[in-house]
Amino acid sequence: MLLIKLITILLLPLLLTACARAEGAIAPTGVAGQAPTTDYSDQIEVSYLPDVEATSLAPIIDYVDGLNLALTGEFEYIKTATTPNCGCLDIANRIAGLLKTATLIGGHYQLASIKVIKDGVAEKSFQVIVHRSDLRKIDKASKQSVIWSKSEIKNQFIVKNIDGEWLLSDIK
């Protein structure tokens, strides 16, 4: 029963993200939504999605969703958004290694902003900011618990159109 609750809690952000993406897909470009009533003054202002081919943004969104699933031990989804030799898979490999000796509880990744750096026909690059929440790591052998504080991750994501499909090819 506890396992079902844990899986539900961990998958809820993924499902909500999918709903938000579906809603965002029908929103006109450049139209602001209603301001939230909660105070988010400690967070960076989220800008609109860049005006580029929508399918070129999908690998970035899918990658962040895949990071959330990787925290639960599911690594196949993250691989579907990337090329096989993408440096972006290093974090998934580190999480996989970590899960052999530890349990991760409560963390999640959230896409904060995407800005276009280069908008080519076959390759695009974006400045991406991802927020990671606090994450508790519990060592399986010693039962020691450590909290990794929330962090902001800034990277350049490069996506390439390979045989008509946009894939994340590198992170700098």
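Every heavy atom of this structure was used, including side-chain atoms; hydrogens, water molecules and symmetry mates were not.
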Answer yes or no: is there a side-chain heavy-atom contact under 4.5 Å between Ile95 and Ile91?
-> yes
Fill in: ILVMFWY network linking Trp148 to Leu99, side-chain heavy atoms under 4.5 angstrom
yes
Dump the intermediate steps for side-chain contact (heavy atoms from CB on, under 4.5 Å) on Ile153 and Tyr109, then the final yes or no. CA-CA 10 Å; Ile153 305 156; Tyr109 291 87; 3.9 Å; yes
Check: Would you say the side chain of Thr80 lies within less than 4.5 Å of the side chain of Asp62, judging by non-hydrogen atoms?
Finding: no
Quiz item: Considering only heavy atoms from C-beta outward, does the side chain of His108 approach that of Arg132 to under 4.5 Å?
Solution: no
The reported gap from CG in Leu111 to CG in Asn68 (rounded to nearest 0.5 angstrom) is 10.5 Å
Listed pairs under 3.5 Å, donor-acceptor, residues 162-172 side chains, sequence neighbours left out:
from, atom 1, to, atom 2, distance (Å)
Trp166, NE1, Glu53, OE2, 3.2
Ser169, OG, Ile158, O, 3.2

Discussion item. Does any part of the side chain of Lys137, heavy atoms only, come nearer than 4.5 Å to the side chain of Leu98, both counted from C-beta?
Written reply: yes
When you measure from the side chain of Tyr63 to the backbone N and O of Lys79, does any donor-acceptor pair fall under 3.5 Å? no
On a heavy-atom basis, the closest approach of Thr83 and Leu89 is O-CD1, 3.9 Å
Any link between Val64 and Val52 through a network of hydrophobic side chains (Ile, Leu, Val, Met, Phe, Trp, Tyr) touching at under 4.5 Å? yes
_Would the distance check show the side chain of Lys124 and the main-chain N or O of Val121 forming a donor-acceptor pair, the cut-off being under 3.5 Å?_
no
### Message
Could you tell me if the side chain of Ile138 sits less than 4.5 Å from the side chain of Ile105, heavy atoms only?
### Response
yes
Exercise. After noting the C-alpha distance and the side-chain angles of His131 and Glu152, does the key distance pass the side-chain hydrogen bond (donor to acceptor under 3.5 Å, both in side chains) rule?
Worked result: CA-CA 5 Å; His131 291 160; Glu152 179 177 276; 3.3 Å; yes
Please confirm whether the backbone N or O of Ile78 pairs with a side-chain atom of Glu76, one donor and one acceptor, at under 3.5 Å? no
Practice problem: Would you mind reporting whether Asp119 and Phe126 have side-chain heavy atoms less than 4.5 Å apart? | Solution: no
Review point. So, do Gln110 and Ser133 sit near enough that their side-chain heavy atoms are less than 4.5 Å apart?
Key: no
Minimal heavy-atom distance between Ala141 and Asp139, with the atoms involved, is N-OD2, 3.0 Å
**Message:** I'd like to know if the side chain of Arg136 reaches the main chain of Thr103, judged simply by a donor and an acceptor atom lying under 3.5 Å from each other, with no hydrogens or angles considered.
**Reply:** no
- prompt: Any side-chain heavy-atom pair from Lys140 and Thr101 closer than 4.5 angstrom?
  reply: no
Could you tell me whether the side chain of Asn155 and the main chain of Phe157 form a donor-acceptor pair under 3.5 Å?
no
